Each structure stands twice: as C-alpha cells, then as structure tokens.
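What follows is one structure encoded as structure tokens, with my remarks underneath.
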Amino acid sequence: MSLLEVRKLSKRFGGLLAISDLDMTVEEGEIRGIIGPNGAGKTTLFNVISGTHKPTSGDVFLNGDKLTGLRPSRIAGKGGVRTFQRSAMFSDFTVLENVSIARHLHARESLFGAIVGTARGMEKANEGRALEILEFIGLTAFKDELAPNLSHGHQRALGVAMALATEPHILMLDEPVAGMNPAETERMTDIIRKLRDEWNITILLVEHDMKTVMGLCESITVLNFGKKLAEGVPAEIVSNPEVIEAYLGSEDILGDDDFAA
Amino acid sequence: MDTVTLIQTLLNSVVASSIYALVAVGLALAFGVMKMANFAHGEFFMVGAYCVYVLYALVGLPFPLAVILAIPIVALFGLVAERLIFRPTRKNILAGFMATAGLAFILQVLAGQIWGVGIAKSIPTPYMGAADVGDATIGWQRLIVIPCAFAMLLALRFFLYRVKLGKALRACAQDPEIAALQGIRTNRMTALAMALAGASAGLAGALMAPIHSVTPYMGHGVILIAFVVVIVGGMASIEGAILAAVILGFIHTFVTTVTDNLIATMVGVGFMALTLIVRPQGLLGRERA
Amino acid sequence: MSAPEEVANTGLASATALRRFAPLLLLAAVLAVLCVLGFELRPYHRELAIVFFINVIMVTSYRLITTTGDWSFAHVVLMGAGSYGAALIAKHAGLPFGVVVPMAGITAAIVGAAFIIPLLRTAGFGFFIASFAMGELVRLIWVKVQFPFGGTRGIINIPSPEIVGLRLSPPVPFYFTCFIVMLAAVFIMWRLDRSRIGNAWKSIHSDDLLAECVGIDVARYRSLAFITGAFFAGIAGALLAYRMGSIDPRNFDLTTMIYLIIWVVVGGTTTFWGPIVGLVVVTIAFEWSRPLLEWRPLMFGGVLIFFLIFLPGGLESLFPKVGNALRTPPGQQFQRLRTWFTTFASRT
Amino acid sequence: MLLELEDVSVRYRKIEAVKGISIGVGEGEIVTLIGANGAGKSTTLRAISGLERLSGGEIRLEGKRIDGSSPERIAGLGIAHVPEGRRVFPMMTVRENLEMGAYLRKDGDALRADFEDVFRRFPRLQERANQLAGTLSGGEQQMLAMGRALMSRPNVILMDEPSLGLSPIMCREIARIIRALHTEKRTIVLVEQNARLALALAQKGYVMETGRIVLEGPASDLRENDKVQHTYLGVA
C-alpha cells in the first residue's frame, strides 16, 4: 500500500478547474517533487491534501485512511502536515514557544490540568523534544528570540521545525527554499535529505527552484493545467519535450507564418 | 387571518421592507468599499428624524422639503465619520467599528442635550387621512414611505450602474488596488460611500419621524435590524441587503401582526442565526476563495 | 576578584532579584491594601469597590475571549444569563450562595455554548455584529417572557447571600466575599492564560490557518475560550444579582457592553493585566465625572475614539515606553520626544 | 528612453524582493523581464505603477521622476498595468470594465472610437459586452484586462504574465495581439514565465534571478543563450 494516494481528485474554483481528475501515489520514504508552470495547480493540490480546501470530487488516502473532508487539524493528527509558502509563525512567541505550541497533538492539556498545573512533567518532555527539533534544524541559538525577529531563511526553517513538531509521517513542503540565498538553500536541502534518511519522514515538495528539485528529489510529478503531464526520475523529466515546452513555452505557439522577428 | 388584516399586513410589510432596505443598503455599501462598518448608523437614522423635527415641526418648512434637506445633512455626518474615524483606522476594521460605537454615544448625548432626553418629540402628522385598499385602510403617512424609498433606491441604482462615478465606486468595492490602477482615487470613493450611507439612513429617519417616536435613543432598535439584514444579505452585497430587507420586513410585520413586535425581532435574529449556520456567506454573499 | 567588583556584582544580583520579585511584591501590596480598605472604606466607596471587583471578573473574562481574536458583543448578556440564573435558582430552589454562584457560571456557559454554534461561522467583524444580535435576542426574551424572567420589571427580592448559616449580605462580609471570588476567578484565568490552552488561543489569534495545520482544532478552541469566558461572566453576574437584590433587562443593555469595551480598549488586551489597568483608570475617571452625569457617554465615547485612533494598543502599550524612559538619560528622552512629536504631527 | 528604472530596490518587510535593478525602455519598444517564479518580476512592475514603494533608486517617465506618486497619479501619467491573474472587476460587465479603464479620460468622441478599436481587436469581447466579467473564461478575461489597459490610451503598457494559465491556442491569440500592438509602435514592458514566447515578441530582454538582473541584451541573443534554459530548468 502506498503511503499517500490521490484518487481522481478534482478541484474547481468557479469556472476554473484547478485540478482535474488527478491520480497520484507517493511511496513511504520517497522524496517527491511536484513541479509545473505557475497556475498549474500545485499549491491547490497541497491545500486539498492537507485539508485547507475541500476537493470538488475524488479522494485522498494516507496509510489507507481517507482524508477527504477532514479538517487540517485532524489530518495533522493522522500524520500529514504541510508548511506554507509564506513565512508562517505565531508572531507573539519565541522560537522555542512556537515549536512547543506546534507540539499540541502530543502535549494536550485538560482545562482542569491547565488550572491546577498537573502537566509539568509532560511539559518538560515536550520542551526537550522541541529543543531536539531546533537543534536538528539549526535554530538552537535563536530559541529565545521572538519569531518575527528571525531572518527570512530562519523563519522558513522555523516553519519546517513547527511541522516536524507534529511528528508527521509525510511532510508537505510548499516552496521550502523560495526567497533563500544559496547558502540557506543548501542548508535547507541538507535538512530535507536528513529528514528522510534519519527521521524516516516521507517528503512531498512543491518548488520552483529547479536546481533544488533536480538535486533533491528522486521522483518528480509535473503538473500542467491541473493534470499530470509527466512523472519520473529527474533525468527523464529534464529531457521530456512536453515538460520543456510547458516550461519554456513553444515558439510554435506563434505559428510559423507570423514568427518573423 | 381575514382578508382585511391580510391586505393591511401586506401593505405594512412593504413599508417595513422599504425602511429596512434604505437603512441596510448604506451599511452594505460602506462595508463593501474598504470594509467600513458603522455602529453609529442607527444614530444617523436618528439624526435624520431630528432634521424633520427641527425643520418641519420647529422651523415650519414644508414636510417634503424637510425630508429632502435631511438627506444632505446626514450625508455630511457620513463624510465626517469617514474622515475622522474610518480613515485613521483603515488598517484595522474592528477598531474603526468600535470607534463608531463611541460616535453613537456622542451623537446620542448631543441630541439629548440639545433637544432634551425626556419625552419623545411629537411631530404633527403632515398627511392626515388614510387610503382605502380593498376593505383595508392604511395611513397616507405610512404609504408615502414606499414611493420615497423606491425613488431613493432607484436613484442609488441609477448612480451605481449608470453614472461613471458610481461605477467607479463599485469597481473600488470589487478590487481597490486595481481600481487605483485605473486612476480611481480610493480615498474619494470611501468618502462617497459613507456619504451615500448617511444619505439613505438619513432619508429613512426623516420618513419615519412622524410615525416613529423621535428620541435620542431611537437608533438602537434600528441598528440591530440593520445588522441582521446585512448579515443575512451577505455583508457587502447591496442586492443581498435589499433581498434580505424584503424577507425580514415581511417576516417582522407578519409575526408582529400575529403576536407582537418583540417576538418578531426575536424571530428575525433567529433567522439570522439560522442563515449563518446554513449559509455563512449570506444569501447573496460571495464565498471566500 | 577585587572588592569593588564584588560589590558591583552583588548589586547586580539584587537588582535582578528585585526585578523578578517586584511584581509579586506589588501584587501583595495591592491585595493587602484592598484587605484593609474592606474595613476602612466609607459605605459609598465600599459599594464602588464591590462593583469594581465584579467588573474585574468581567474585563478579565472578556480578555480571555479576545485572546483568540474574537471580539464578542454579547459578553454583558452572558453576565446577565448568570444573574438571571443565580436569581432564579436562589429564589425558587432556595440553594445557598456557594452552590448558586457556580451554577450561575454554568448557566452562562450553556447560553454561551448555544451562541457559539452560529458564531463559529463568522470571524472578525461578522463575529462582532452577529454576537450583538444574538445577545439582543436573549435580552428580548427577558423583556418579553413574564414567567420566570419577570419581563421589563425583572426579578425582585433575590434572597440575600448566605453560606453555611453565615450571612454575607452586610457590606463588609459581602466586600470580602466578592474580593475572594474575584481573586479565585482571576487566578484561574491567569493560570489558563499561562497554560498550553492559553497559548493555543493566542496562536489562533496570530495565524488560525497555521494553528489548524499544526493540529490545533481551531473551532474547538474558539468555543472553549468563548464558553470559559461566559462561565466567568456568569459568576460576575451572580455577584451582581446578589448585590443589587433585583435585576432587570436594562442592566445588561448595549450601553453597559460599550463601557466594557471602553475598559478593555483603554487598557489593551495584549497583556493579562492590561484590561484591569484600563478598568481602574476608567473607573476613576468615571467617578470624577459624576458632576457631568449627562455628558458622560459623550466623554467616554470620545475616549474610545481617541484610544482606537491614537493609542490602539491601550495603556499597556505605554508600559515598556515608560520603563525605557526611566532608564534613558534626559537628553536622549528629549530627542525621542521630538522625533515622536514630528512623526505625530506629520501623521495628522 | 521613455521609461527608466535606475538602481531600483523594493523590500517586503525582511526580504529584498528587488535588489538594485536598472532597466531602460525606449519608445515603441517591447522589453521583457523573464525569470523563474519569485525572481522579482511582478514586484518590479508593481513598483513602476506605484503599488509598491521603492526602498532605493529612481523611476523616471520621460525624464521626470514618478516613484513615490500614488497609483492613481501614475495611471494619470499614462502608464497602464495589466495585472497578474487578470483581475478584472468580476461583478461588472465587460463594457463597464472597459469604461473603468478610461476612467480618467474626458474626450467623449475619441472614447467611442477607442471602444470600437478594442472591440475590433477583441471580437470575443464585443460578443460578451454585457456579460459579467467574472463569468468569462481565463483567456477572455486576459483580453479584457488588456482592453481595459488600452482604453486609457497609455504611453506605456505593463503586462504581467499574460499567458499565465492559458491554453496554447489562447497563448497564441495573446501573442498575436501583442505583436499587433508592436506594429502600432506601442511601448510595452512584458513580464513572462514563458520565456520563448516573450523573447520572440520583445526586442530587448532582461533575465532576473532572485531580485537581480543576471543577463540582459537583445532578445535575439538571449534566445540563443544556453543560460536562459539553465535558469528555467536547472539543467547543468
């Protein structure tokens, strides 16, 4: 059984069919990239899988459990967690507190417990785990910094740390290296690789930076107009004429007769 | 319900719907443009009523002239509210909204201090007598509300759909950034929206002055109904507000006839709660993407 | 280590200790003063203090709801639900004070739970006005229904509070009763604010989509905040019912709600203590303005507008500024004042 | 140069989206900005039309500085912006959308001629003149957004990703229209992801990468350049 299975998925916004009849599977332990030109439906696919949007038709399964129609918090509880394109964080809190809040699923507290303060031991263990995650991501030095004071690269890393805090089976990264400088990009790709190798987390990522995608992913799904255009290992994708056309556009578009410039 | 009561109630429903529509349309318009929500909208209604009290009952101008003058006067209040409250708080609509609760307080106190808090102002009925509709009768004073409200709503519609400035206002409500790219000055449009909101609420108040009792606190009941109408209609939708005004106007009048006013208001609020559960975006509101 | 250095170090240590314990000392001092005042105050001022305690519960519970980003306009009506609950239970069931007060809280929580079902569909501005309409609905029921709510006349002859045969109704015992209930309520809400649940609420305010995606059930936690806030508003309502001996729907009208908002806006909602500071300041100003009775709503309406436009963070946002000012030399302060003034002048 | 950007920087809170770029656009020229997503192309266009404030540099139109003016003022100076994702006014008819494009104009007769001109260019729009813009297809909305820009009789047209999300047939149609505009000596700044299309249409091109211009030159040179392909697909 595949870890993630997308069956006949469609999502319509008004007149626009953002995803149409998409089938896709992701195996346990993969690093899968999703690419495609702007407006191809990549982010919509993420939104539907993670529960932020409801699909118009079709289903999503994680470990055989149906995710369709569940809210993101429930899907996170089942092990499917996403990050955001923008830097998303709880801005009134420190870095450590952000990760600690994201441990919600594993450190729930009852109303009574909160008032009486019975959860001290659990909080300790929880904070220990949060610190481990920060160490792994390389943010330990900033743990007491307010999250909005971090640099862009560190804020994006914090986003990944918060997703990890939920202990996911599959981590969906929405443009993890967007807006990063080369050094930051390098660090982030290392982290992603280690997540799979050492933490056994399956990775699904949408990314525009082709160098990163080609270097990091073992398999790639190309979307265009909400449909699957191609799927395969990076070498196949790069040499696929349809993909090149989708990306660079075709000169044929202009028609030979009026193409004179 | 016998036929006479039925006709009577139907006519009253149309009167109520007209007033609701006048009050709610301005609220929806201002909310559509730059998300301005005015808690003092009921007090604008009150100011409109006081305009008629002063100009007609005290100064002695003819009633139609007093009503017509109330429109620009209250529109001016809208302009001032936009400039002094909504523009400085544009980044936070909730702050602007709460600040207008303060404005409501201020207008109430001013009205009370100038014209007295105690008893309601009685305004001599300008149009005595009643019209016979079948076997039912309805006072002229109520009946004239209908054409006046219709005229105002039609004028508003004409302005929004036929006049360039009105179209620009709609453009601004749909996408302020793109409207600015066409050279439309958004600051002017927000001022215009608030002026129109004031104008329609002022007219409603002016028309109701001889029917309603004129007190500094008469805005309270109005704002509740206006909010219910706007939520049911879909917040920023003018058409939605008018549709909801008609629905709630009929519900209110019929329930009032069968039971009483308070229960009718409760049914109205209950209808709002139901709408929120079944269709959170309101009758004609657009779904958030 | 040379002697002067050592002295400097211990000086530093005691300074940090002072900073750490200063708030506690301040709190202890305030509580001690309030205890003494319970015996020493003149009757009028003691009554005022009792109302103040009730209002402290109100602002703190209101702030608890706003930590999720939801500004409710029904909080005073929920307090009323507590008052009516307490009055009816005390009058008809004849239960003692110690049972009635929590039951009043539960009554308000149940009404709050009914409110939150449609309100969850709304956010921000929609939440505000929908909650206003829901609150008015309940208030109209009180106005309308003669039995058991007594219509516009409300409920009169509420039995005086008693606990294990001890009469709490005389001014001094009642002062301390309210004082203790307030302390307990504020303490519980303070613990909640500091807990993981409180953090979940604040995270929803900060970014509800992110909160949902890291596993926080946003609808559930918004409901929890609203219902918990309602519970404490109900407790405050019970105290109010006992203090007044009779209640009617006008006690819980729009004006009262706007005053609650003024307290909270003046104080600010970012910190736990902000709303209480706002309440203290506005209460004092309110008393001073007694000679200008009829102009009062106008003044406070103006205060509300002023704060929302010029000091949207409330008085609490000045605390760090005051702290900084005390630490910076006067020359720099003057400089800062000048830049502040020029930016202020250019903004208006 | 009709439109000049000199050392322009734009900053969103922490990130510098555009880092000191200089661009020159001559009269009657099509100049294209190409590059991967997030390279700062759209931000550059938004800066020109006043939707973003500059954190450094200058923008000049006919030698006069326009940076720091409001979008309304800049629209009045003759810069029309066809925004990314079309962004037509969805609840207004096609005709009303076009009227909004001509909002600042007061010349009635010429205006009527321009309506006809737009309808001649885009016959599909004439067929749907009284339809709500929100109900149009993506390609039709793109035409409407272009028509709306033309209605202001602009000196410079900024086009942000006109081929985005359009089918190949539609892309071809849009390309044909841009080409026609060029023969009429219109000045266009074209932002495109579809690099081949853009370079086929333009005379001059700038390749952007993370806020900087990494390549510039005549479009014909860029078309032959391996590095352009490299920037897009990451092929070594």
Side-chain angles (χ1 to χ4, degrees), chain B residues 27 31 35 37 39-40 84-85 87-89 91-110 112-113 117 217 220-221 223-228 230-231 235 259-270 272-282 288, chain C residues 66 69-71 73 114-115 117-145 151-152 253-255 257-259 261-262 264-265 292 294-310 312-313 347-348:
Chain B
L27 213 53
F31 189 73
K35 304 272 174 282
F39 201 89
L84 294 186
I85 294 181
R87 208 173 288 184
T89 57
K91 271 178 243 140
N92 183 352
I93 60 160
L94 214 55
F97 179 59
M98 289 194 280
T100 51
L103 178 65
F105 263 14
I106 292 174
L107 292 177
Q108 281 169 18
V109 170
L110 286 179
Q113 288 304 306
V117 194
Y217 306 107
H220 270 178
I223 193 69
L224 174 64
I225 289 167
F227 279 160
V228 168
V230 171
I231 288 194
M235 301 293 258
T259 57
D260 68 32
N261 188 25
L262 276 176
I263 290 183
T265 310
M266 291 182 215
V267 171
V269 178
M272 178 205 76
L274 199 70
T275 312
L276 282 177
I277 293 170
V278 180
R279 200 178 151 81
Q281 74 271 31
R288 278 181 293 173
Chain C
T66 65
D70 289 332
W71 285 72
F73 223 130
F115 278 13
I117 297 167
L119 290 182
L120 274 181
R121 304 303 191 101
T122 62
F125 166 74
F127 190 92
F128 213 40
I129 63 174
S131 60
F132 165 55
M134 299 291 290
E136 281 298 289
L137 174 64
V138 168
R139 223 174 60 81
L140 289 174
I141 291 174
W142 295 334
V143 171
K144 180 67 202 162
V145 181
T152 42
D253 66 2
L254 189 60
T255 310
M257 186 62 222
I258 294 178
Y259 272 107
I261 286 174
I262 292 174
V264 174
V265 165
L292 296 163
E294 61 268 33
W295 291 95
R296 215 188 245 163
L298 181 135
M299 285 167 47
F300 286 98
V303 165
L304 182 63
I305 296 174
F306 176 86
F307 268 82
L308 286 166
I309 292 175
F310 296 106
R347 200 171 57 170
T348 41

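Here the structure is a predicted model, which means the values were calculated and not measured. Per chain, numbering begins at 1; letters A, B, ... match sequence-line order.
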Value for CZ (C:Arg296) from CZ (B:Phe105), rounded to nearest 0.5 Å, stands at 11.0 Å
Considering only heavy atoms, which portion of [X] lies under 4.5 Å from any heavy atom of chain B: side chain, backbone, both, or neither?
{"X": "C:Ile141", "value": "both"}
{"X": "C:Glu294", "value": "both"}
{"X": "C:Leu137", "value": "both"}
{"X": "C:Leu254", "value": "side chain"}

Check the angle between the aromatic planes of C:Phe128 and C:Phe73 and answer parallel, tilted or perpendicular using the 30° and 60° thresholds. tilted
Student check: side-chain heavy atoms of [X] and [Y] closer than 4.5 Å:
{"X": "B:His220", "Y": "B:Gln108", "value": "yes"}
{"X": "C:Trp71", "Y": "C:Phe127", "value": "no"}
{"X": "C:Trp295", "Y": "B:Val109", "value": "yes"}

Residue among [options] with most heavy-atom pairs under 4.5 Å to chain B:
{"options": "C:Phe115, C:Phe306, C:Phe125", "result": "C:Phe125"}
{"options": "C:Ile262, C:Ile261, C:Val265, C:Thr255", "result": "C:Thr255"}
{"options": "C:Leu304, C:Leu120, C:Ile305, C:Thr122", "result": "C:Ile305"}

What part of B:Ile231 gets within 4.5 angstrom of chain C, counting heavy atoms only: side chain, backbone, both, or neither? side chain
Locate the shortest heavy-atom distance separating B:Ile263 from B:Asp260; write the atom from each residue and the value. N-OD1, 3.1 Å
